[in-house]
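Quick notes on the structure that follows.
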There are 2 protein chains.
Amino acid sequence: MANIRDIAKHADVSVTTVSRVLNEHPYVSKEKRTRVHAAMKELGYLRNQQALTLSTGKTQRVVVILPYMDHPYYGLFVNGLAKAALEHDYRLVMWQTEYKLSEERQALDLLKHREVDGAIVLSHEMSFKEMETYRAYGPIAVATVGAPETISSIHVDHYASFVSGIHVLQEHGYEEIGIILSRSHSPSSLARQQAYFDEVAHAREQWIWTGYLTSEDGIRLAETFLSQKERPRALFFSSDYVALGFLGEMQRRDIKIPQEVAMLGFDGHPIGHAFGLSTMLSPNEEIGRRLFETTLAEMNGAQPETHGMTVSYQVGTTL
Amino acid sequence: MANIRDIAKHADVSVTTVSRVLNEHPYVSKEKRTRVHAAMKELGYLRNQQALTLSTGKTQRVVVILPYMDHPYYGLFVNGLAKAALEHDYRLVMWQTEYKLSEERQALDLLKHREVDGAIVLSHEMSFKEMETYRAYGPIAVATVGAPETISSIHVDHYASFVSGIHVLQEHGYEEIGIILSRSHSPSSLARQQAYFDEVAHAREQWIWTGYLTSEDGIRLAETFLSQKERPRALFFSSDYVALGFLGEMQRRDIKIPQEVAMLGFDGHPIGHAFGLSTMLSPNEEIGRRLFETTLAEMNGAQPETHGMTVSYQVGTTL
DNA sequence: GTATCTTCTGAAACGCGTTTCAGAGCAAGA
DNA sequence: TCTTGCTCTGAAACGCGTTTCAGAAGATAC
């Protein structure tokens, strides 16, 4: 495969001139420009991206770190990221961690080894303290709360969002409320619990169910929930998929929603709409887009930014 | 940032020796090895992946081409791909095409410019004839049928799968069957139509609905379907998400499934299980894994392979 | 006519790790 | 003793596009 030196020889110019033609530098005479173009065509020249990357030090890539690529929760984030990245001629390198710290470290090592220009972290086990040690090698943007000043954060304000969800439930007359959370120790779960205790007068420890991530978990939850003697009148889920699993199982058991128990989801995934799930709509695609854009801005010298997004109530029939 | 030459100077050895230490080549004396390690530690050496890539000509990356990253249909494929890639220390570059030919071309251009070692195509607008023109630059594996010999294909055999789905419906006593397809001109849709006409005695043109991709499309379909005078007794969907949208909307309208119309989905997405959707389970994660592995094998000199996978019936309550 | 720009060109160095090749030193086998 | 074969080492070339720097030629300004 022809390289820039072959072109130079063939067109009887220097490699510098060929490079200038490639980069549309103005100071090349019309005549040599034509000769170079002809040579490139004749030899079927294709610019080697690797050489360009090594030479310029810019990879035009960012790594996206997330636990599972097939979890619908991340779908909208990734969609926003993909659109923004494509618009700016960047590529996304996806890294699935399965919640493993070692995988997160490997993914961030790409930054150290100059394999990517930046990192976007949708979910992490790693402490921010450790994450900051990677910051020297490139910008990092996270979709979670609590990031230090050096790390950009575009996130759903889970505290404020849970508060507003709880208010929606209360406006519908529900006072005895339970909440369904994913991993118990994650910052978002902690914020949600805090909101729960702050806003719900009848809050109870045993009305907090943790460890629910998937629709299958939602199916399981139905059994657990129904076997409980004292039950809340409404459930606030932290994920539409868990809510849908629960809803399907309740339908199967012929248990009326919201008569027996009211449900409020969180995300606003289209599939929830089909089943009339009332939910808190989260601007995940927008977050994805802004995560990319803030990373790009940092690569161009901007300062890290922190921005909390809020959710809005989407009417359904489960309240 | 220190490079290999700095290390060499610091440890008073040649760059060759440093390179040998990095690659654990045996012919290095214990003493120099120790000196090199010490120097690397002291200067905080990090191997530059770009230089390695340029030097070896291997990028350790493959591009994955798909229309939408957030479509749940692709989730399981991508999961399989991600697992296999990680196991072999490869990175996935995701390219979202939104069904645009120009985007597919750009994605495959990565191959030409040596930005990736191979390409995995989950869905494409491009003709195989055009796709073959990229083959010279690296292995390509597709998840669709009809690929020429030079392109690997690990796919669901949509014809056979639709035949077996239709048989399931017939075994349940349904003879008047309609089918719901995605894009009308795609090879998989054509194969499905062929199976429909071959196996269903009462097949009718107006019982083929095309253009249904998402759960929202499924909601829309309910109206269209119900407004039709002569309706089939069962619907065979080509996607669980469309089926679920339809199912939700039918529930909302208090229309009994399967009494009014029976439903058979296709995919076997977990969320369908929650709502008792009868479906044809497709081994998508396995396909993803094999797509990667066959690409890897080709990079190591193996021949392209073609393999059709079949689906299995997953019992639900919509038949 | 001289000074100052502007335009155009190319040699060489750079980014950085790997690989080839030649050769030195030393031990085992004939 | 001589040959063969390891073990160990490093200079130089390689992969390939970009950038710096020096300089030539022609144009404009004073």
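A, B, ... follow the sequence lines: proteins, then strands. Residue 1 opens every chain.
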Round to a whole Å and report the spacing from [atom1] of [X] to [atom2] of [N].
| X | N | atom1 | atom2 | value |
| --- | --- | --- | --- | --- |
| Gln60(B) | dG17(C) | CD | P | 17 Å |
| Leu43(A) | dC16(D) | CG | C1' | 15 Å |
| Glu24(A) | dT18(D) | CD | P | 12 Å |
| Leu52(A) | dC16(C) | CG | P | 15 Å |
| Leu54(B) | dT19(C) | CG | P | 12 Å |
| Lys9(A) | dA11(C) | NZ | P | 12 Å |
| His113(B) | dC16(D) | NE2 | P | 14 Å |
| Arg5(B) | dG15(C) | CZ | P | 9 Å |

Options [options], nucleotide nearest the side-chain atoms of [X]:
| X | options | answer |
| --- | --- | --- |
| Val15(A) | dT18(D), dG17(D), dG17(C) | dT18(D) |
| Ala51(B) | dT18(D), dC16(C), dG10(D) | dC16(C) |
| Asn48(A) | dA11(C), dG17(D), dC8(C) | dG17(D) |
| Arg114(B) | dC16(D), dT18(D), dG15(C) | dC16(D) |
| Thr16(A) | dC16(C), dA11(C), dG17(D) | dA11(C) |
| Tyr27(A) | dA11(C), dT7(C), dG17(D) | dT7(C) |

[N] phosphate, OP1 or OP2: any side-chain N/O from [X] under 4.0 angstrom?
| X | N | value |
| --- | --- | --- |
| Asn23(B) | dT18(C) | yes |
| Arg47(B) | dT18(C) | yes |
| Ser19(A) | dT18(D) | yes |
| Tyr45(A) | dG17(D) | yes |
| Lys32(A) | dG10(C) | yes |
| Ser29(B) | dT9(D) | yes |
| Thr17(B) | dG10(D) | yes |
| Ser14(B) | dG10(D) | yes |

In a table with atom names and distances, give each donor-acceptor pair under 3.5 Å that connects a side chain of residues 64-78 of chain B to protein atoms at least two apart or in another chain.
| unit_1 | atom_1 | unit_2 | atom_2 | d |
| --- | --- | --- | --- | --- |
| Asp70(B) | OD1 | Asn79(A) | ND2 | 2.9 |
| Asp70(B) | OD2 | Asn79(A) | ND2 | 2.8 |
| His71(B) | ND1 | Tyr73(B) | N | 2.9 |
| His71(B) | NE2 | Leu213(B) | O | 2.9 |

Just how far is it from atom [atom1] of [X] to atom [atom2] of [Y], taken to the nearest 0.5 Å?
| X | Y | atom1 | atom2 | value |
| --- | --- | --- | --- | --- |
| Asp109(A) | Gln49(B) | CG | CD | 11.0 Å |
| Glu125(A) | Arg105(A) | CD | CZ | 11.0 Å |
| His307(B) | His155(B) | NE2 | NE2 | 8.5 Å |

> For Glu149(A), does the CD atom sit with more than 12 other heavy atoms under 6.0 Å from it, leaving out its own atoms?
Replying inline: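 It does not: Glu149(A) CD has 12 such atoms or fewer within range.
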>> Mind checking if Val18(A) touches a base, just sugar-phosphate, or nothing, with heavy atoms under 4.0 Å?
In response: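 The residue Val18(A) makes no contact with any strand.
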>> Taking the nucleotide of DNA chain D with the nearest heavy atom to each, does Arg20(A) or Ala2(A) sit closer to the 5' end?
In response: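 The 5'-side residue here is Ala2(A).
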> Among Arg47(A), Glu42(A), Lys41(A), whose side chain to side chain contact (heavy atoms under 4.5 Å, CB included) with Tyr45(A) holds?
Replying inline: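 Only one of Arg47(A), Glu42(A), Lys41(A) forms a side chain to side chain contact (heavy atoms under 4.5 Å, CB included) with Tyr45(A), namely Arg47(A).
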